Number of protein chains: 2
Amino acid sequence: MTVGIRHDDLRRRNRAMVISAVRRGGQTSRTGIAAITGLSHSTISSISSDLIAEGILAEARNEPLALKRGRPQVGLTLEPKAAVVMTVVLSLNFLAATLLDYAGEIVAEEQRRLDTRAMPRKQLIDECVAIVRRRLDDRKREGRRVLRIVLAIQGITDAPARAMLWSPITPHTDIAFADILEREFSVPVTVENDCNMMAVALRWRDPERYKDDFIAILLSHGIGMGLVLKGELFTGTHSSGGEFGHMIHRPDGALCRCGRRGCIEAYAGNYAIWRNARMMGEDDEPVDDIDEADMRTLAQVARERDGPERQAYRKAGEALGFGLGSLFALIDPAPVAMVGASTAAFDLIEPALREAIAKTAGGHHSTSISFDTEPDQMALLRDGCAMRALTFIDNDIFASGNPAQMELAAGHEMA
Amino acid sequence: MTVGIRHDDLRRRNRAMVISAVRRGGQTSRTGIAAITGLSHSTISSISSDLIAEGILAEARNEPLALKRGRPQVGLTLEPKAAVVMTVVLSLNFLAATLLDYAGEIVAEEQRRLDTRAMPRKQLIDECVAIVRRRLDDRKREGRRVLRIVLAIQGITDAPARAMLWSPITPHTDIAFADILEREFSVPVTVENDCNMMAVALRWRDPERYKDDFIAILLSHGIGMGLVLKGELFTGTHSSGGEFGHMIHRPDGALCRCGRRGCIEAYAGNYAIWRNARMMGEDDEPVDDIDEADMRTLAQVARERDGPERQAYRKAGEALGFGLGSLFALIDPAPVAMVGASTAAFDLIEPALREAIAKTAGGHHSTSISFDTEPDQMALLRDGCAMRALTFIDNDIFASGNPAQMELAAGHEMA
DNA sequence: GCTCTTTTTTTCGAGCCTCGAAAAAAGTGT
DNA sequence: ACACTTTTTTCGAGGCTCGAAAAAAAGAGC
């Protein structure tokens with residue numbers, strides 16, 4: 001049973017609402033916030049003066065919001081110096097860390113290539129710890145306390161966002177990154193699934209198109225998905241869930257990277273398209289990594305002539321289409337964003353995809369389903385992590401005007 | 001953006017919490033409620049004395065709750081006379097209406113057989129209106145106002161629970177039952193999917209087993225599903241969703257009742273099992289209805305010898321297993337309840353089901369997934385509707401001590 | 001340049017709500 | 001009968017939001 005609502009919860013929630021309104025709206029006046037939240041002007045006035053005094057919001061005295069009669073609106077903005085967050089992205093052979101201020105501006109960045117698949121467990125962990133340490137020591141941080149680290153991992157994470165359970169980028173499993181980094185740096189950490197963070201980013205980037213319900217599908221070596229339903233990120237009950245790529249397309253079908261058979265990924269992942277285009281057997285062990293240039297060449301050949309290459313893309317489209325059809329049977333159709341470098345070949349995939357989806361129960365209005373493509377997954381990923389970290393600070397730290405918490409945030413060095 | 005929290009919301013939520021604690025706990029003391037909700041004793045005292053004065057709760061003076069030292073606890077119960085709700089169940093060739101008091105006890109019942117499939121649209125509607133009118137006129141109602149009607153329909157309903165969009169029980173589509181009944185009787189109505197109501201009922205009936213995440217699958221002429229995730233009934237974005245039976249098992253496979261091909265239902269529904277057992281073609285038009293006795297005979301034959309009958313059940317198990325595997329890839333494994341008369345043959349289905357699920361990504365620990373069977377779907381359905389209606393009254397009418405609402409509830413005759 | 005009008009923001013008192021402490025109530029044990 | 005224990009109610013304090021009114025900060029008009 002949910003716990004009863006106390007009096008102080010009330011203030012906390014309304015503070016959170018004010019912060020959220022400013023984060024969404026950019027520069028927003030008190031009157032605007034009152035309109036959005038439905039709270040009275042007096043309440044907004046009281047809360048915002050508190051937040052300004054606490055150094056969370058700031059008044060943007062420079063540019064007036066509107067040129068009309070009457071007292072001009074004073075825009076409220078997020079105070080960049082209020083906090084700093086760090087995002088860490090761990091993908092196949094790639095590690096990146098970014099430091100951002102409270103307003104979401106990038107303060108410092110670092111990217112590295114490394115051979116994640118060959119690394120021993122300890123070295124993989126140490127690389128992550130090291131990159132975090134270097135960015136924490138970055139002088140551009142200017143002593144502002146890092147209040148949150150969000151680590152996005154390609155693979156499955158656990159439901160409390162504490163650990164990586166399984167990942168295609170390493171043979172090792174069950175790495176409790178959150179515990180490890182928290183022990184090391186005394187900053188709260190969460191570990192998130194990469195596709196989920198992409199979905200979060202899409203929502204912030206284009207709230208018109210990606211409103212309350214949409215699907216982000218990553219077309220890459222493997223197939224991933226981030227799902228937002230009713231305004232909430234959809235996750236599994238025990239894990240990050242949403243493993244669209246491992247729904248079954250054909251029972252006992254092609255061999256998947258996960259060791260099982262017939263998964264959607266075993267038809268639509270880069271390795272599967274490659275395998276089919278090269279007319280290898282469906283039982284052949286998936287190759288480890290395919291150069292992006294090779295995939296581009298493959299797509300070009302498929303565009304030029306009707307051969308096994310074009311067939312391979314057709315099979316990918318078919319798998320994705322039937323998979324989406326099954327998904328739509330569960331959740332109803334929703335806008336779809338195709339993310340990743342392989343979306344460059346989406347023109348080869350789409351016809352078969354639409355054909356397949358039209359054969360399914362969820363495909364009722366298959367022509368009206370929109371597919372957008374977004375090739376740059378890394379930028380999306382970083383933005384998603386940043387918003388995840390910042391909204392955590394908004395809701396769980398700054399919303400409760402708890403003096404102890406605030407002091408921590410203001411502290412110039414960490415424990 | 002969610003609207004800000006006002007002061008009166010606070011009381012309303014805490015009132016709802018008190019009512020909910022009593023509905024769950026049966027006879028509960030004020031102290032117990034304070035412990036469950038985390039609210040202070042003074043708050044509980046104040047709220048419960050209000051609720052008693054308003055005739056929503058009552059003190060159960062008869063039996064003491066515990067035999068220990070100190071002032072004995074006074075049990076609070078739901079006041080049965082506070083309201084009355086009606087449930088209406090519309091299934092294939094069957095219509096039932098039940099009147100229940102605020103404590104959930106049945107006041108009056110009526111069941112009818114009718115040929116839903118052959119009925120014109122108007123007649124189907126009229127039958128529903130008529131059964132509601134008869135039960136509203138029932139003298140056992142004793143003038144207590146009916147505050148809610150919940151209509152459960154086998155088929156797809158829309159997300160706001162206002163209309164039936166499609167159903168296998170009738171060729172007619174898009175019937176706005178909620179509007180029709182509300183116009184007729186001036187009582188709020190919702191239209192719910194039958195399997196969703198079964199899931200609701202399971203949760204109330206056995207909260208230990210069916211906690212926050214579980215799946216109810218209806219094995220019947222068709223295949224339906226009710227899904228509870230994170231304590232919430234899972235629905236689609238536009239419709240009741242969760243059409244597990246129409247996820248794709250085999251692309252371009254067997255002909256389904258819905259007109260498409262390869263749906264799970266086209267292998268696991270009674271008509272599919274029948275079709276396979278009789279060695280008819282997978283393209284053969286599904287039969288309309290199969291006698292329950294015939295299905296029992298079929299199962300008996302399948303148990304006795306290894307022939308097409310047993311194979312048919314194997315295929316059903318396989319379809320359900322791969323389907324659950326795909327579902328588990330999205331939501332992670334959860335307890336499953338198999339509901340309906342056809343669960344009598346679950347012993348024939350289970351081996352192939354477990355075999356299939358073990359081949360999928362979600363089937364990691366396939367042996368640990370529990371399958372319960374619950375043959376009596378009608379009782380479950382009625383209970384689910386009743387709880388749906390009653391909790392609506394709890395949360396949306398009685399929780400807000402709105403005098404206007406309360407007066408309506410107390411009124412002895414309807415508008 | 002001054003006053004009037006308009007719009008935004010702050011101030012102030014009223015009304016609720018929850019909480020903790022203390023008091024009252026209603027039994028059991030001896 | 002009296003002491004003890006546990007539940008429930010009462011009461012005053014402290015917070016929060018709200019509406020109304022006041023204050024602030026411009027543009028418009030002359």
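Predicted model only: the values in this text are computed from it and were never measured. So that the names make sense, note that chain A is the first sequence line, chain B the second, and so on, each numbered from 1.
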Along DNA chain D (nearest heavy atom to each residue), the more 5'-positioned of A:Gly70 and A:Thr43
A:Thr43
Starting the side chain at C-beta, find the nucleotide from [options] nearest to [X].
X       : options                : result
B:Asn14 : C:dT18, C:dT10, C:dT8  : C:dT18
B:Arg30 : D:dT8, C:dT9, D:dC16   : D:dT8
A:Ser29 : C:dC17, C:dT9, D:dC16  : C:dT9
B:Leu10 : C:dC17, D:dT17, D:dA26 : C:dC17

Base of C:dC17 paired with side chain of B:Arg11 (donor-acceptor, under 3.5 Å)
no
Any N or O donor-acceptor pair under 3.5 Å from the base of C:dT5 to the side chain of A:Arg69?
yes
Distance check: side-chain N/O of A:Thr31 vs OP1/OP2 of C:dT9, anything under 4.0 Å?
yes
Side-chain N or O of A:Ser45 closer than 4.0 Å to phosphate OP1/OP2 of C:dT9
no
Measure [atom1]/[X] against [atom2]/[N] and give the value in whole Å, please.
X       : N      : atom1 : atom2 : result
B:Arg12 : D:dT17 : CZ    : P     : 16 Å
A:His41 : C:dC12 : NE2   : C1'   : 17 Å
A:Ile47 : C:dT10 : CD1   : P     : 13 Å
B:Asp9  : D:dC16 : CG    : P     : 16 Å
B:Glu59 : C:dA26 : CD    : P     : 11 Å
A:Gln73 : C:dT6  : CD    : P     : 17 Å
B:Ile33 : D:dT7  : CD1   : C1'   : 13 Å
A:Leu39 : D:dG19 : CG    : P     : 11 Å

The residue, A:Arg71 or A:Ser42, whose nearest nucleotide of DNA chain C is more 5′ is A:Arg71
Are the side chains of [X] and [Y] in touch, meaning some heavy atoms are under 4.5 Å apart?
X        : Y        : result
A:Leu202 : A:Val228 : no
B:Tyr210 : B:Arg205 : no
A:Lys140 : A:Leu99  : no

Does either side chain, that of B:Arg11 or that of B:Ser46, offer a donor lying less than 3.5 Å from an acceptor on the other one?
yes
Using a 6.0 Å cut-off, check whether atom NZ of A:Lys230 has over 12 heavy atoms from anything other than its own residue.
yes
